[in-house]
Amino acid sequence: MNHWLMKSEPDEFSIDALKKVGREPWSGVRNYQARNFMKAMKVGDPILFYHSSCAVPGVVGIAEVVSDLYPDPTQFKPKSDYYDPASKPEEPRWWLVDVGFKRKLKRVITLEQLKAESDALGEFALLNRGNRLSVLPVTAAQYKHILSLE
DNA sequence: GCCAACGTTGGC
DNA sequence: GCCAACGTTGGC
């Protein structure tokens with residue numbers, strides 16, 4: 001089992017929105033590194049749900065992988081923002097999983113707090129300089145440590 | 001709204 | 001294959 005962190009802008013799709021719908025196809029990832037991480041996901045993998053580009057960025061909830069990998073349908077839809085004319089149905093370029101709601105944290109574990117814990121957390125893609133990955137791996141130890149801050 | 005970081009595109 | 005231009009992310 002692997003652990004993950006997934007970013008979402010709360011104005012676009014918040015933890016409350018995920019709670020409301022229960023599960024959501026994680027469409028629109030158009031970064032190869034993030035896609036490759038998603039390809040490694042298995043049903044049941046825990047996900048830290050992170051709010052980015054907002055007043056208080058941080059981990060706000062827990063989700064989990066609830067589907068196997070399948071091609072992102074938006075890449076074939078010309079009207080979609082995520083349309084990729086170079087991708088062929090017989091050889092899809094972009095893949096996704098469905099993300100299911102588990103629970104909201106009692107409070108936000110802020111990016112500021114995570115930075116303060118960087119010694120304890122060790123190497124962590126989220127805290128790397130200029131990091132822009134929307135899907136990134138978390139070790140079991142990091143996952144546990146982050147949730148202990150709740 | 002600004003701007004640093006960095007991935008992608010496209011001319012050569 | 002190089003690299004300048006451009007677009008996007010995301011913290012502040």
Side-chain angles (χ1 to χ4, degrees), chain A residues 2-21 23-41 45-65 69-139 141-143 145-150:
Chain A
N2 293 304
H3 299 71
W4 308 97
L5 182 145
M6 294 172 90
K7 294 180 188 173
S8 187
E9 297 184 23
D11 289 347
E12 298 293 325
F13 191 78
S14 67
I15 188 70
D16 289 324
L18 181 63
K19 183 179 183 180
K20 196 171 177 184
V21 295
R23 61 189 282 161
E24 180 75 4
W26 210 255
S27 58
V29 171
R30 294 294 180 269
N31 170 285
Y32 288 101
Q33 219 181 333
R35 179 205 66 179
N36 292 343
F37 287 135
M38 210 147 51
K39 280 186 166 184
M41 290 182 176
D45 282 358
I47 298 165
L48 296 172
F49 197 97
Y50 179 94
H51 279 174
S52 65
S53 294
C54 55
V56 185
V59 176
V60 294
I62 300 172
E64 74 174 347
V65 177
L69 192 75
Y70 61 99
D72 183 343
T74 63
Q75 70 193 305
F76 305 123
K77 294 176 180 166
K79 286 179 183 169
S80 169
D81 287 344
Y82 304 121
Y83 179 54
D84 183 351
S87 184
K88 303 270 186 298
E90 60 273 19
E91 197 183 344
R93 177 176 294 180
W94 306 110
W95 297 76
L96 55 70
V97 297
D98 290 356
V99 171
F101 177 79
K102 290 288 282 186
R103 68 177 180 89
K104 269 181 85 166
L105 299 189
K106 297 188 220 31
R107 56 184 189 80
V108 181
I109 298 168
T110 65
L111 177 61
E112 189 181 10
Q113 280 181 279
L114 295 174
K115 284 178 178 171
E117 297 289 326
S118 63
D119 285 348
L121 290 169
E123 166 60 25
F124 189 19
L126 184 75
L127 301 179
N128 289 349
R129 195 173 62 109
N131 162 59
R132 293 168 52 182
L133 273 177
S134 60
V135 176
L136 52 97
V138 179
T139 67
Q142 288 167 339
Y143 183 88
H145 187 80
I146 290 167
L147 290 184
S148 78
L149 304 173
E150 185 179 1

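These numbers come from the heavy atoms of this one structure, side chains and all, not from hydrogens, waters or symmetry mates. Naming: A, B, ... by sequence-line order, numbering from 1 per chain.
Look at CG on A/Asn128: it is 12 Å from P on B/dG7, rounded to the nearest Å. Between A/Tyr82 atom OH and C/dT8 atom P the separation is 12 Å, expressed in whole Å. For A/Leu111 and C/dT9, the CG to P distance is 18 Å, given to the nearest whole Å. Note: CD (A/Glu112) to C1' (C/dG10) measures 16 Å, nearest angstrom. Rounded to whole angstrom, the span from the CG atom of A/Asn31 across to the C1' atom of C/dG10 amounts to 14 Å. Atom CH2 in A/Trp94 sits about 13 Å away from atom P in B/dG7, given to the nearest Å. For A/Asn131 and B/dA5, the CG to C1' distance is 10 Å, given to the nearest whole Å. Taking atom CD of residue A/Glu12 and atom P of nucleotide C/dT8, one finds them 13 Å apart after rounding to whole Å.
Judged by distance alone, with hydrogens and angles left aside, the side-chain atoms of A/His51 form a donor-acceptor pair with the main-chain N or O of A/Ile15 at under 3.5 Å.
Aromatic rings from A/Trp94 and A/Tyr32 are positioned such that their centres are separated by under 6.0 Å.
Proximity of A/Lys7 to the phosphate of C/dG10: a side-chain N or O atom is located under 4.0 Å from OP1 or OP2. For the OP1/OP2 pair of C/dT9 and a distance below 4.0 Å, the side-chain nitrogens and oxygens of A/Tyr50 include no atom meeting the criterion. In terms of phosphate contacts, A/Arg132 brings no side-chain nitrogen or oxygen within less than 4.0 Å of OP1 or OP2 of B/dC6.
Separation of atoms OG (A/Ser134) and CE (A/Met38) is listed at 7.5 Å; rounding is to 0.5 Å.
Nearest to the side chain of A/Arg129, among C/dG10, C/dG11, B/dC6, sits B/dC6. Nearest nucleotide to the A/Tyr32 side chain, out of C/dG11, B/dT8, C/dG10: B/dT8.
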side-chain hydrogen bond (donor to acceptor under 3.5 Å, both in side chains) between A/Thr74 and A/Arg30, intermediate numbers included: CA-CA 11 Å; A/Thr74 63; A/Arg30 294 294 180 269; 3.0 Å; yes
